[in-house]
Amino acid sequence: MPIKKALNISIEHVSILDENGKFDEKLGKNLIPDEDVVRLYEHIILCRHLDEVAFKLQRSGRMGTYPENRGQEATSVGAVYALEGKDWLVPCYRENAGLYLRGLPIEYVLLHWMGDERGNQIPEDLHITPIAIPIGTQMLHATGLAWASKYRGDGGISCTFFGDGATSEGDFHEAANFASNLDLPVIFLCQNNGWAISVPSSIQSSAPTFAQRGVAYGMHSVQCDGNDLFAMVKVVREAAERARKENRPTFIEAITYRLGDHTTADDARRYRDADTVEAWTKKDPLIRLRKYLDDRKLWDDKREKAALANAKEAVSAAVKRAEEIEPPKTEAMFNSMYETLHDELILQRETMRTSSIGQNPSEIDPAVSLHAQDTTD
Amino acid sequence: MPIKKALNISIEHVSILDENGKFDEKLGKNLIPDEDVVRLYEHIILCRHLDEVAFKLQRSGRMGTYPENRGQEATSVGAVYALEGKDWLVPCYRENAGLYLRGLPIEYVLLHWMGDERGNQIPEDLHITPIAIPIGTQMLHATGLAWASKYRGDGGISCTFFGDGATSEGDFHEAANFASNLDLPVIFLCQNNGWAISVPSSIQSSAPTFAQRGVAYGMHSVQCDGNDLFAMVKVVREAAERARKENRPTFIEAITYRLGDHTTADDARRYRDADTVEAWTKKDPLIRLRKYLDDRKLWDDKREKAALANAKEAVSAAVKRAEEIEPPKTEAMFNSMYETLHDELILQRETMRTSSIGQNPSEIDPAVSLHAQDTTD
Amino acid sequence: MANLTLVQAINLALIQEMEEDDRIILLGEDVGKNGGVFRVTEGLWQRFGGDRVVDSPLAESGILGTSIGLAMAGLRPIPEIQFEGFLGPAYDQICTHAARMRTRTRGAYTVPLTIRVPVGGGIHAPELHSDSPETIYTHTPGLKVVMPASPYDAKGLLISAIRDPDPVIFFEPKRIYRAFREEVPEDEYTIPIGEARVVQEGEQITMVSWGASVIQCMNAIENCNHSVELIDLRTIAPMDMQAIEQSVKKTGRCVVVHEAPKTLGLGAEIASRIMEHCFLHLEAPVQRVAGFDTIMPYYKLELDYMPDAARITKAVEEVSAY
Amino acid sequence: MANLTLVQAINLALIQEMEEDDRIILLGEDVGKNGGVFRVTEGLWQRFGGDRVVDSPLAESGILGTSIGLAMAGLRPIPEIQFEGFLGPAYDQICTHAARMRTRTRGAYTVPLTIRVPVGGGIHAPELHSDSPETIYTHTPGLKVVMPASPYDAKGLLISAIRDPDPVIFFEPKRIYRAFREEVPEDEYTIPIGEARVVQEGEQITMVSWGASVIQCMNAIENCNHSVELIDLRTIAPMDMQAIEQSVKKTGRCVVVHEAPKTLGLGAEIASRIMEHCFLHLEAPVQRVAGFDTIMPYYKLELDYMPDAARITKAVEEVSAY
Ligand SMILES: Cc1ncc(C[n+]2csc(CCOP(=O)(O)OP(=O)(O)O)c2C)c(N)n1
Ligand SMILES: Cc1ncc(C[n+]2csc(CCOP(=O)(O)OP(=O)(O)O)c2C)c(N)n1
Ligand SMILES: [Mg+2]
Ligand SMILES: [Mg+2]
């Protein structure tokens, strides 16, 4: 057979709670206990409210650039719910909802965007790495963290979050390739939200799916509805099991949509039409979750109101904590450069100068400026 | 259908003249006219001889590190044969055989490895870019060159050559992704020769094929026997047509084997066993081509002898040209830094100094060293 | 003549050069319909179409490497890297290929491209959006590095960069993208790469700077009792040493001001060359008012990091009292 | 005590540290069964197994980025980059993450890793196998940069680097990998990072160098009529300015020698600091004997590019006649 098949592959798409609130009982059964669905729904309400508040903080000059998570919350919430506390979360910047679920206090993220490194001083036991600004780079850290877990045999795995745009970076490729070839327990969770700032996802990949990116590495790859909390929990749980039991990575394409601007520095009306956004608004994970809860009599307007009130309280307390933190001391920018600072750095910190005469004021004494007089004639 | 197929894909493996010399008449018919098979066979004989000579040149200190092509010649020869003169060849360093077929004088490659930049001063009409030392980087140039061809509408395409190891680099990913998403006429020709120096290809990819790397980009991908001149011509010709007519890239995995050491600086016995090498020796493209020609009465020992004599003459003439070139002038390292050199560079070139006093010898004159005396007391 | 911001001056230069030369292709992240995150390429996609103003995949090595291929084929690509902090992934293509192709091939291949990159701090941006990496590329032979400090210079220098047969990194000081306006001629004009500008003449102290720091220098000079000669380098590589030498031989004192960290910031090269060229004329050691040898902090502390008028003024006073 | 080459001294240090500390993992291209292309890791794969000595895929950003993750988790990865010319793809991970993680997180995360990289010219290697990129990483706050010039120092410095809680780039001057042997104690010992070594004392001229150039300096001094004090920096970042200052205040004259291009080579920083710290003691401008501001040429011309004893000697004579 001179022409023969070298490979045959297919990728599945998973959906359980669809955009109309239709629930697949078979797939969804026992996936999430009722009380947890309620809790996660409340959590998303809180995160949604936080986004609103953060947006206003930025607009009123109380915070720098901020990236809304609005509309995408189910992706990270579902993923983190499906993981264990010892598993590493290696985020980009659009998965706050998941990080809070793990236990990251809200003010950390606020502080980060308020231009304060203390927002990254993440408590050790949370197993969360700091928000990654350079796109695509953090996936390699996830690979390394997973490797450490495997090396130590501590049973932990890594889950790294990134956007459709991030899959275009070489670092994504190298991370996925390392994970697959070295058999590392990593979940690559691609949040395909349709956009990388103003660039549509079709420029990042002209292939029918992003999920097939994972095929390159011989990695199990799957696509799912990222606005479907249940689908997220299912695929991440399966991926986590694959990682924990077989040390094999998984690539997940979660299809979602960025309902807001890229960040507060962006104006999405410049490059996308309102109709598409409108259509996606109807696929909001909150809407279908509410319907799910309503159908099962797990929720009502009173509880909704209470949840919102709780959210407001929690968010405003967090904002207060973020805003009332004492201003960072100037010396902070020196102090954590190394475990032990070298002389030049100490001198710069003590004098707040880089000009040598200023660092050594005795040199300004006219008595020592002999030399200057010597040569001016 | 909450779980549905998002994608179904398969990859073909093409073989026409197999390792036993068995020829698939249907696929191979009219692929290469007899006289061209003879010519290409003779060409590979020449390249094989060149490798031997180059090896000896290195061992006797007349040349630096040199990478043998031995055993892989059919890959690049088949590819270049299937392309047109206006198409860009964007090589790594293990496709000399193809470059010579295009018309690159042998002494260019020799000069390169003799540590002489003039070996890269490639005549314009050859459409060959210089040997690329940093692995993986040249594929992006191929993407850009193909883009320029498309932009100008000159009908040209690009074919870039690289190894199995190179597919692990982020630049490969970015090149393939750009080519696919911007619809550029590029052929990505992966020479999977089993090794990246001492590292087996299984460390570069644990997937069943390298060909599936291309699937990630929604790119047509195919695997073939890289030691089969006919299969190479077929897949590259089809890829070229796809590029020329549809501006679509193709990923080709050509399975071959590095029969020699990685380079003359390597000793492959340290990391691989003789048996595997022995087995691959039998799959040498020359052996099966000779059988093909014998079967068709296109060849005999007399012609073989004549071909070898011709090869010896051509190679020794090339070595002579490479060795008899006048030594490069020191100033050459300055002269092509920019189209117009800046003052500092001219000064460095004229004085061959970087120390300022040396660049301005008047400063050494005792008459001007007044200052020194002034301050020593 | 129009009264333009630096952003508008660059935009105008791009339009005019693209009208003249259809070998020019712009590429980068968000440079198309959106007109760039700073709106530098605003309107160009609409004017020249998607074949010449191209939103690329999110991959800086890809942008640069592809541009190198375009340039080797004789086109004139102008890649944009969205922020200086994202030059990192493109570093390898810039330094191992763009900078080396001409000399590696002894002139058979050249890489005429202009890499546009917003640079520097002071706008309350997130991490990695406020750095000053000019040392990295100035230390790399084969590149030219340009950084304008005014709208007028921006237009003239960018046109020179685009027409230059060698790779040029065009750093745009984002802090002054819209900080002030200046009269900019409608017609095309060039400012030669490699020539500094004496912003203001003076007799007692030479001050050397470039980019947004030039404005800090002007602020410092305003409230200063000394006669300061301010030189705006405009081109960082190659450096106009003649202008510096001439001035320092007159003043005998020099202060260099830059945002990049002190250690191996460009100030080190300037100070060394001044010592080499003007040793007998120096009345005081050349002073560097620079960023600290720390990572550029997040924005709450960025103004503590960056040289400002106060730090510059102090250095001026100290160096003149020396 | 054993009489070892620099390669052997490094190999020994790796073995001893790996025996002591099972958090150490080596990774890189060909470091496993093959023992590295320079045989620096020879025998380690056989001794410690494939879990601790790992042949990685061919991807430098991958090697570094993965190492950063390993280090953040508390392990002590020692990645090897096969040649300095291939640091390019790893540049972004080194500079945007390894160097920044501690200060970005105010100490919550640290990146204790040792990046081993053969460096420099003089061995007739192909393109991009002979460069000297120390400036790039010395200008990047958050890193430490080390380069030994002898087997003894190599062992002691490498052990310090491995035990250092911050990221260290350990440059290995490949030209002297096997150029000579030296007595190296069997037992473990450390040489502190940040301390220079006075190779030879002298009164008239201070000479500062590091790595393989130290040998060129010694050759130059041998045939020299002046009393030269030779300082081997050993650590490039942070620099031992005290040692330099002390010497230059005594001699009043200084020559710095390095392979990297002159412009913004480390010589610029050393010269500037000397001017800043020793202005009134200087009898002559600090002289830089460095690589030219060209791309390191292919090997036929590499010796014309690199500072050798003849160029150093000339500079010594000139600076003393000044
Ligand atoms: C290396 C790098 N290049 C460019 C940027 C600028 N930038 C910030 S976010 C972004 C788009 C990211 O898109 P995607 O990965 O899809 O994530 P999303 O914002 O949609 O969640 C870009 C280009 C960056 N932060 N890092
Ligand atoms: C960026 C980079 N990293 C490392 C090297 C060192 N190196 C040279 S060849 C090689 C292996 C290449 O393997 P492959 O791509 O399979 O090509 P082959 O040599 O097998 O033809 C390596 C690691 C390099 N040249 N460039
Ligand atoms: Mg996105
Ligand atoms: Mg190979």
Side-chain angles (χ1 to χ4, degrees), chain A residues 64-65 93 112-117 119 131 133-137 163-171 196-200 203-205 263 265-267 270-271 327-330 332-334 337 342 344-345 348-349 352-358 361 363-366 368-369 371-372 375-376, chain C residues 29-30 32-35 37 54-62 82 85-86 88-89 124-129 252-253 255 261-263 265 267 280-302 304-305 307 311-312 314-315 317-319 321-322:
Chain A
T65 309
Y93 48 76
H112 175 102
W113 298 111
M114 285 173 174
D116 193 323
E117 286 87 347
I131 286 174
I133 295 297
I135 297 294
T137 52
D164 43 307
T167 66
S168 292
E169 289 280 5
D171 272 7
I197 311 186
S198 73
V199 180
I203 302 265
Q204 312 298 342
S205 172
T263 65
D266 179 45
D267 177 2
R270 290 175 64 89
Y271 52 79
K329 297 209 179 58
T330 303
M333 76 191 186
F334 296 94
M337 283 302 302
H342 55 77
E344 171 71 24
L345 216 43
Q348 291 182 12
R349 182 187 65 190
M352 281 306 290
R353 312 293 299 278
T354 56
S355 43
S356 64
I357 308 178
E363 293 193 327
I364 320 166
D365 185 333
V368 299
S369 64
H371 173 85
T375 50
T376 32
Chain C
E29 297 154 10
D30 306 289
K33 197 166 179 185
N34 197 33
V37 296
V54 183
D55 275 329
S56 74
L58 205 178
E60 289 75 13
S61 190
Q82 201 163 76
F86 312 133
H124 272 205
E127 191 193 4
L128 286 164
H129 290 63
R253 292 178 160 86
V255 173
K262 175 186 182 184
T263 294
L280 300 180
H281 301 263
L282 273 181
E283 315 273 354
V286 176
Q287 293 300 296
R288 296 183 277 171
V289 181
F292 295 104
D293 286 325
T294 68
I295 297 296
M296 165 59 104
Y298 281 20
Y299 77 70
K300 275 188 186 173
L301 290 177
E302 69 173 334
D304 291 1
Y305 171 91
R311 274 174 67 199
I312 299 167
K314 272 203 201 154
E317 275 162 17
E318 289 156 4
V319 81
Y322 189 89

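Heavy-atom basis, side chains included; hydrogens, waters and symmetry copies ignored. Convention: sequence-line order gives letters A, B, ...; per-chain numbering from 1.
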Would you say [X]'s side chain and [Y]'s backbone share a donor-acceptor pair under 3.5 angstrom?
X: A/E117; Y: C/P297; result: no
X: C/E127; Y: A/I133; result: no
X: A/E363; Y: C/Y322; result: no
X: C/Y299; Y: A/G64; result: yes
X: C/R288; Y: A/S355; result: no
X: A/Q204; Y: C/P57; result: no

Measure the shortest side-chain to side-chain distance between [X] and [Y] over non-hydrogen atoms and say whether it is less than 4.5 angstrom.
X: C/E29; Y: A/I197; answer: no
X: A/P327; Y: C/K300; answer: no
X: A/S198; Y: C/K33; answer: no
X: C/F292; Y: A/M352; answer: yes
X: C/D30; Y: A/V199; answer: yes

Under 4.5 Å from a heavy atom of chain A, the part of [X] involved:
X: C/V37; value: side chain
X: C/F86; value: side chain
X: C/K262; value: side chain
X: C/E302; value: neither
X: C/I295; value: both

Quick check on [X] against chain C: is it the side chain, the backbone, both or neither that has a heavy atom closer than 4.5 Å?
X: A/I357; answer: both
X: A/M337; answer: side chain
X: A/H112; answer: both
X: A/I135; answer: side chain

Do we see a donor-acceptor contact under 3.5 Å between the side chains of C/T263 and A/E344?
no
Could you check which of C/H129, C/K314, C/M296 has the highest count of heavy-atom pairs closer than 4.5 Å to chain A?
C/K314
Chain A shares the most heavy-atom pairs under 4.5 Å, among C/E60, C/E317, C/H124, with C/E60
Under the side chain to side chain contact (heavy atoms under 4.5 Å, CB included) rule, what do C/Q287 and A/R353 come out as? Steps first, then yes or no, please.
CA-CA 10 Å; C/Q287 293 300 296; A/R353 312 293 299 278; over 6 Å; no
Max heavy-atom pairs within cutoff under 4.5 Å with chain C, candidates A/T167, A/D116, A/T65, goes to A/D116
Scored by heavy-atom pairs under 4.5 Å with chain C, the best of A/A196, A/A332, A/S168 is A/S168
Quick one: pull up [atom1] in [X] and [atom2] in [Y] and give me the separation to the nearest 0.5 Å.
X: A/M333; Y: C/T294; atom1: CE; atom2: OG1; value: 4.5 Å
X: C/D304; Y: A/T330; atom1: CG; atom2: OG1; value: 3.5 Å
X: A/D267; Y: C/N34; atom1: CG; atom2: CG; value: 8.5 Å

Nearest heavy-atom contact between C/V289 and A/T354 is CA-OG1, 3.4 Å
How close do A/G115 and C/Y298 get, heavy atom to heavy atom, and via which atoms?
O-CB, 3.2 Å
For A/D164, enumerate each residue passing the side chain to side chain donor-acceptor pair (under 3.5 Å) test, keeping only those at least two apart in sequence or located in another chain.
none
Mind checking ring-ring contact (aromatic ring centres under 6.0 Å, His included) for C/Y305 and listing every partner two or more places apart, or none if nothing turns up?
none
Passes side chain to side chain contact (heavy atoms under 4.5 Å, CB included), C/L301 versus A/K329? Steps please.
CA-CA 8 Å; C/L301 290 177; A/K329 297 209 179 58; over 6 Å; no
